[in-house]
Amino acid sequence: MRNVTFVIDESGAKGYADKRENIVGELGVVAGYFIPNTCLPKAQSDLSDIAKKFRWNNKCHIADLDPNDQGLLRSDIFAYLLSVQARWVYEAMYVDGFHSGERLASEMIRATKEKRSSNVRVSRNKREEAPLHVELFKGAFGKAMAFCVDNCGQPVCINVMTDKVGKSTLNKFRKGADRLLNIGNPKITKVSGFDPDASAVVEGTITSEITGGAELLGDFSGVQYGIEESPSVLTLAADVLANSVRHHLMSLQKLTPRCPLNTARSMSGHLLSSIVYGTSIEGVEALQVGDTIFRHPNRSNV
């Protein structure tokens, strides 16, 4: 089995779907790059040599440096990633797009519940909402799966390495990854309720299934994964990458506000655009979650 490390970090907006944009085109990003596990020791050593010049420690991020050192660190990290041709992916999403998409999903669920004809009063747990950066992770991880299958075949194990995010967020990352790996399989949820006719508590299951479109995603049956927090020079490089993508896309808002974020055209001009994977061609965005389901409600085109 091939083993690939996927080093990720986030930048920009976070929070839940009740949040609205504070500035035009406010967005969040998760970005990550790939390293074959056999190359990890060399990458760790090379990146440590770069970080030493900036007196880096495990709690330091690019935003903690003064502007001049930020530019120097970014230049060194980019030069290294280009020298080893480290392929990378990202997922970007607008705050207002996330808000609009989640509101639509909630309305669809509410409308479905109102159509129930049964007298059984089902216990209703509040729908669990994922923060924006968890949705961003799911988008980036989906692209990571596609990259690894395209370039390594199956079976393959993706070892996700992230900065400190907390146990709760890690668990949500794992749930998101599991959902992606099980698209096309029925999801069975146990429910309970009260039957007034029988004056008794009853139990049952709800089965939901994606019946169309799953085949477009490909076969990921041979994909395994693991996720761990591991702050290091490797995650420092991911921090630099994610920060640069957010800055690039926010700069794009000055020219074309609310444009698609995950296209080859939107990434044009970024210094690492030649080695990015998973951006869509203009007008072909069917599998870009951030540019379809969570598109900005007042979207313009690039």
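Just the heavy atoms: all of them, side chains too, but no hydrogens, waters or symmetry mates, feed the values below.
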For this session: Starting from the C-alpha separation in whole Å, work towards a yes-or-no answer on side-chain contact (heavy atoms from CB on, under 4.5 Å) for T5 and N3.
Result: CA-CA 7 Å; T5 293; N3 286 271; over 6 Å; no
Exercise. More than 12 foreign heavy atoms under 6.0 Å from CZ of R2: is that the case here?
Worked result: no
Problem set entry | Under the salt bridge (Lys or Arg N to Asp or Glu O under 4.0 Å) test, residues paired with D46 that sit two or more places apart | K42
Exercise. Mind checking whether F6 and F147 have ring centres under 6.0 Å apart?
Worked result: no
Problem set entry | Sequence neighbours excluded, every pair satisfying salt bridge (Lys or Arg N to Asp or Glu O under 4.0 Å) that has a member inside residues 4-15 | E10-K14
For this session: Verify the cluster assignment for M1 and V223: are they in a single hydrophobic cluster under the rule of side-chain heavy atoms below 4.5 Å apart?
Result: no
Exercise. Can you tell me if NE2 on H61 sees more than 12 non-hydrogen neighbours from other groups inside 6.0 Å?
Worked result: yes
For this session: Applying side-chain hydrogen bond (donor to acceptor under 3.5 Å, both in side chains), name anything that partners N68, two or more places apart in sequence or on another chain.
Result: none
Problem set entry | Geometric cation-pi criterion K143 and Y277, 6.0 Å radius, 45° cone | no
For this session: Would you please name every residue forming a side-chain hydrogen bond (donor to acceptor under 3.5 Å, both in side chains) with N159, sequence neighbours left out?
Result: none
Problem set entry | Non-neighbouring partners of H270 that pass side-chain hydrogen bond (donor to acceptor under 3.5 Å, both in side chains), sequence neighbours left out | S244
Exercise. Does the side chain of Q224 come within less than 4.5 Å of L181's, by heavy atoms?
Worked result: no
Exercise. With a 4.5 Å heavy-atom cut-off, do Q253 and Y94 have their side chains touching?
Worked result: yes
For this session: Could I get the full list of salt bridge (Lys or Arg N to Asp or Glu O under 4.0 Å) partners for D163, not counting sequence neighbours?
Result: none
